[in-house]
Structure formats: structure tokens, C-alpha cells
Amino acid sequence: MKNIKTIIKNVSLLAVLACGLSSCSDSFLEVTPKGKLIADQTADYDLLLNNKALLELFLNGQVQAYLGDELDAINPYFDAGYLRSKRLFSYTDVIYERNENAEEITDLMKNLYTYNKIINEVMDSQNGSEAQKKAIRAEALVGRAWANLLLINYYGKPYTDASAATDPGFPIILNSDVMQTTFTRASVGQVYELILNDLTTAIPDLPKRLTHRLRASKSAGEGILAKAYIYMGKFDKALPLLESAIANIANAGIPVKLIDQNEAFAPGGIYLPLNPYIGPTNIASIELTDNIYARHYPINISSFNNDLVLSKEASALFQEDDLRRNFMSTTPLFVAQEYPDGRLRRIGPMTVQIGVTLADLYLLRAECKARLNDLAGAKADVEFLRKNRMPAASVAVPANIASQRVSLLKFILEERIREFAGQGYRWFDMRRLSVDPLFSNVTYKHQVFDMDGKVVATFPLKPERFTLQLPPKVIDLNPGMENNP
């Protein structure tokens, strides 16, 4: 992929903005375009969607990777770790120093700048058909919705119908104006309303045929809309969207399928050779057949960090023949002593897929079916994933679990841990489950152990920390903006 300067054709570079990331201290957006780009051709706006920065985010790792309850920390490695990582794992109120930017905000703000520019300008561009312009605008609406869905799940309370209208959310940003300096937090409900409106507006104009993983298709739009409804607890609205998103994949112009790890780890398989440090051979996001809408970030807790491991309980979820164990190690890097009580350390892949993936869609559809009492359909979906992750003899959901709605639902949520352990998915599940009547009485904590398995510290998750505080720098730049408690 080429960057924004080289992919845009016929663009006039009129002026270099005087305001850089370090000097724009009065801007909440913290956006630093290389120059003021004036696009006038429909093709220019199309090329903007190929910007590599829309694919690769958060060089220091997304915050949720450190927050899920499937993780334990191990000393002496934890004490020697990065301060930000330790604060996140400890569920500390304040994560950043006063002069620090939070990549979770700045990277997404840069993306919103691009998406808003396209949304607001492409319909007036030249030399493009009405259908082309609508399709490009639709892709940008999907991107804006995806970015806002992340932001509201960092900085807004978990969605509930009872309080969404009054719970503070995140500022709604609809313009590509880097000079804007005044921002007001919208409510959680208002942000979700924007997300739903963007996606429902976009979906009719999105390409039905997936031809490139970086670009939004109808399946991607439907998948993100389904996830938004699931975060809102509206499973009946999510299910038909998931059905359609998965069905549309049959028409893809590129290979889209779950990787069968039985084949991938067999002689000559794509995951071989196994690297002792990073596990299976890494596959680029835009080549990963599981990807429908490729977005990723590097994961710091994999490979070369020894401090965070799967908890004893999460590690025990993996059967010995579960091929996903190939992405795990039983020992710290360069250390022969095994972690206590069978804990596993994730060593790959090097990037976490956070856009729209087939594995996530199948597990979300299984969950929706279970919640709506289609137990047979839920069982079929989770087993379809499992047959691509382990030998056939181990695929079946036990009959006593498959016949009980709540038991099957718990099994599906545990399958999500097996599939996405250590990659941040669990944190978003914990947030929505915290306001789910079936799971709202569950408490969460993090613990630090020594290499002998002794507890040396415990950090309970208090309800307030299901929502992150806005960084001090954001509050300082916006006097009067309410922070989360």
C-alpha cells in the first residue's frame, strides 16, 4: 500500500500547514496532514481510501489488549514492563501523563479526518458517475462508523437503553477541520445513533462483491452494524445482518474463507515453518483469507514480552489437540522454566485483526442464535469454526451443553476466548456482558503471580473502569469537558 502522498493523483499541494503534532497543542484532534490536499476528481477520493494509515493503527498496541480478564501477569517481568502497560493491566484510573498523547485517540482522529473529507466532498467531485461517488462515500461512512464504535467503547459507558441518552460519550466530529479547537462530548446514545445512521445509509451503496480486503464491502458494513447492535444488546436486529454478511461472501472476487488449521499446520501448510519466537508463519492482513475488512495493530504482548500470559482458567480452555495452541508458548522467551499452573503466553500472530473477520462473524452469529433460542443453529456455527481449528474428533459441542441455552451461550463466549485470547476482544465482551442480565453479577480482576505460582498482587476491576478516563492532555486542551469518574 502507498501512503497518502503517493497514492493521490492530480492533487495540488497548496500550502504546508504551520501546525505540527507537537506544536498544535491547542487541538484535540492532534492531526498532522503533510499538506493541505485539494482533491477534485472522483478518482482522488477513491485513492484516499487506499491510505495505508487506515489499515495500520496503534503502534503501541490498543488499550483493550491489556484489559481482558483472560490475562495474568508474571513477575519479575511485569515489574520491569512498560508503565502504560502496567497501568492498564492494574485498572488504574489515569493511564497517561499530562504531556502524553493517547494513540487510541490520535490515530482514529487522523482516520476520521480522511473519512470526513471524503463524506463531505466526494459528491461534488468531477469525472465520476453518481453511483461511483455514492459507493466511495458509503465506504467512508463505514470507516467513520468503525472508528466511532471503537472510540465510544473506550470512553463511553456500556450501552443501556435506560441511560444512553445521558451517559457522556465522545465528541461527534463530522468535519475535516484540523483547526477546530472546541469539542463537546455527545451522549453514548447520540454516538450510537450516528454509527447506526452512517451504516444504514452506507449499506445500500456498498459494493456487494468483496474485491479487496482494505476496502469496505456490503459484508463489512453489515458486520460492523451487527456488532454495534450486539454492543447495544439488540441481538434480534444483529442476526439478520450477520446472516446477510456471511451469505454475501459467496460472491467474493477474492478468496474468503476460514483458514483450516488442520491443513495450515500439516506438512507444506501456510503456517509452517514454526518460529520458536513468533510461532506460525505470519500472514499479511491483506492476504489473510479470514479478513473481510482489514484493520490491524501490532500486539506488544506477543512474542518478545514475557509479562502477560493467559490465566490458569483461560489456558485450561484449550484442549491439547487445539491447534490454536501453536500460537502459544509454555515458557518465557529465552527461559527454560515453564510458567506456573500450565499458563500459556501468546507468541503470534504479530498483528491483531480488528476490522471484520469471518471467525468473529461466525461466533457472533452463534451467540445471537443461542440468545434467540436457535440452539441447533448456534451449535452448527460454533462447530463450523472449531472444525477449522482442531481434529474432527474434538469438534463437537458436548450434548449436555448444546441442549441448554445458557450453557451453550457460555460455551460460545469461551470459544471467543479460545479464538481471540490476548488480542483485546475479551475486553469488549466484558463491557457488554457487564450490563447483560445473564452476566451482570460477574466480577473481574487481574492478578500478578511469581514464577512459583504465588499471588503477589490483585487488581479488582471496579465498575467505573469499564470506561476509560480521557487522557489529562485532552481535558487540559478542552476546559470544561467532563471526564469519566
Side-chain angles (χ1 to χ4, degrees), residues 1 49-50 52 54-57 139 142 146 206-224 226-227 241-275 278-299 302 322-327 346-366 380-392 395 415-416 418-421 423-425:
M1 290 293 166
L49 291 169
N50 290 337
K52 187 179 180 181
L54 302 180
L55 168 68
E56 298 177 344
L57 299 168
E139 288 195 54
V142 170
W146 176 81
L206 289 170
K208 293 182 180 179
R209 195 164 188 254
L210 173 62
T211 58
H212 199 294
R213 302 182 207 285
L214 181 61
R215 303 291 294 264
S217 63
K218 184 179 180 183
S219 288
E222 290 172 332
I224 296 169
K227 183 168 282 192
L241 291 161
L242 293 166
E243 299 276 20
S244 179
I246 293 172
N248 283 334
I249 291 165
N251 299 317
I254 55 176
V256 181
K257 62 179 182 178
L258 289 173
I259 293 176
D260 187 345
Q261 294 184 9
N262 295 284
E263 298 176 356
F265 288 114
I270 59 174
Y271 279 149
L272 299 182
L274 292 177
N275 185 296
I278 62 174
T281 297
N282 200 55
I283 301 174
S285 294
I286 58 173
E287 298 174 356
L288 189 65
T289 61
D290 186 36
N291 260 339
I292 296 170
Y293 187 56
R295 296 292 184 271
H296 72 231
Y297 72 94
I299 184 164
S302 287
D322 192 323
L323 294 166
R324 290 169 291 196
R325 286 178 61 98
N326 287 318
F327 293 95
R346 179 173 279 282
I347 60 173
M350 298 297 291
T351 56
V352 174
Q353 305 304 322
I354 55 171
V356 180
T357 70
L358 266 180
D360 196 22
L361 292 186
Y362 274 109
L363 288 174
L364 290 175
R365 188 170 74 170
D381 274 347
V382 73
E383 288 182 347
F384 181 75
L385 174 73
R386 287 169 62 82
K387 79 174 185 179
N388 289 279
R389 300 294 185 258
M390 60 194 65
V395 167
E415 194 67 35
R416 291 183 62 79
R418 286 186 281 267
E419 183 69 18
F420 303 118
Q423 299 187 68
Y425 282 69

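Each residue takes its place number in the sequence, starting with 1. The shown structure was predicted, so the numbers you read here are calculated from the model rather than taken from an experiment.
- For the pair Val352 and Phe420, the minimum side-chain heavy-atom distance is 4.5 Å or more.
- In this structure the side chain of Tyr293 never reaches within 4.5 angstrom of the side chain of Leu210, judged on heavy atoms.
- Residue pairs meeting the side chain to side chain donor-acceptor pair (under 3.5 Å) criterion with at least one partner in residues 256-266, sequence neighbours excluded, are Asp260-Asn262.
- Using a 4.5 Å heavy-atom threshold, the side chains of Leu323 and Arg389 count as separate.
- Between atom CG of residue Leu54 and atom CG of residue Leu57 there is a gap of 8.0 Å, rounded to the nearest 0.5 Å.
- In this structure, Arg295 contributes its side chain and Leu214 its backbone to a donor-acceptor pair below 3.5 Å.
- Judged by distance alone, with hydrogens and angles left aside, the side-chain atoms of Arg346 form a donor-acceptor pair with the main-chain N or O of Ala421 at under 3.5 Å.
- Here the straight-line distance linking atom NZ of Lys218 with atom OG of Ser244 works out to 4.5 Å at 0.5 Å rounding.
- Separating the CZ atom in Phe384 from the CD1 atom in Ile246 is a distance of 9.0 Å, to the nearest 0.5 Å.
- Each salt bridge (charged side-chain N to carboxylate O under 4.0 Å, His left out) pair with one or both residues in residues 241-254, not counting sequence neighbours, appears once here: Glu243-Arg365.
- Atom-to-atom distance recorded for Leu242:CG and Tyr362:OH is 11.0 Å, nearest 0.5 angstrom.
- Counting heavy atoms from C-beta outward, Lys208 and Asn251 have side chains that stay 4.5 Å or more apart.
- One finds the CG atom of Asn282 at 5.0 Å from the OG1 atom of Thr351 (value rounded to the nearest 0.5 Å).
- Counting heavy atoms from C-beta outward, Ile259 and Leu288 have side chains that approach closer than 4.5 Å.
- Every pair passing salt bridge (charged side-chain N to carboxylate O under 4.0 Å, His left out) that includes a residue from residues 353-362 is listed here, sequence neighbours excluded: Lys227-Asp360, Asp360-Arg416.
- Contact record, Ala216 with Glu139: N-OE1, 3.1 Å, taken as the closest heavy-atom pair.
- Asn248 is not listed as a side-chain neighbour of Ser217, based on a closest heavy-atom distance of 4.5 Å or more.
- Between the side chains of Asn291 and Gln353, at least one donor N or O sits under 3.5 Å from an acceptor N or O.
- Separating the CZ atom in Arg325 from the CZ atom in Arg418 is a distance of 12.5 Å, to the nearest 0.5 Å.
- Checked options Ile292, Val356, Ile254; the residue passing with Arg213 is Ile254 (criterion: side chain to side chain contact (heavy atoms under 4.5 Å, CB included)).
- Closest approach of Ser219 and Ala245 over heavy atoms only: OG-O, 2.8 Å.
- Ring pair Phe327/Phe265 is perpendicular by interplanar angle, where above 60° counts as perpendicular and below 30° as parallel.
- Remark: the backbone N or O of Leu358 is paired with a side-chain donor or acceptor of Asp290 at under 3.5 angstrom.
- Two residues are said to be in side-chain contact when any heavy atoms from C-beta on lie closer than 4.5 Å; Ile347 and Ile278 fail this criterion.
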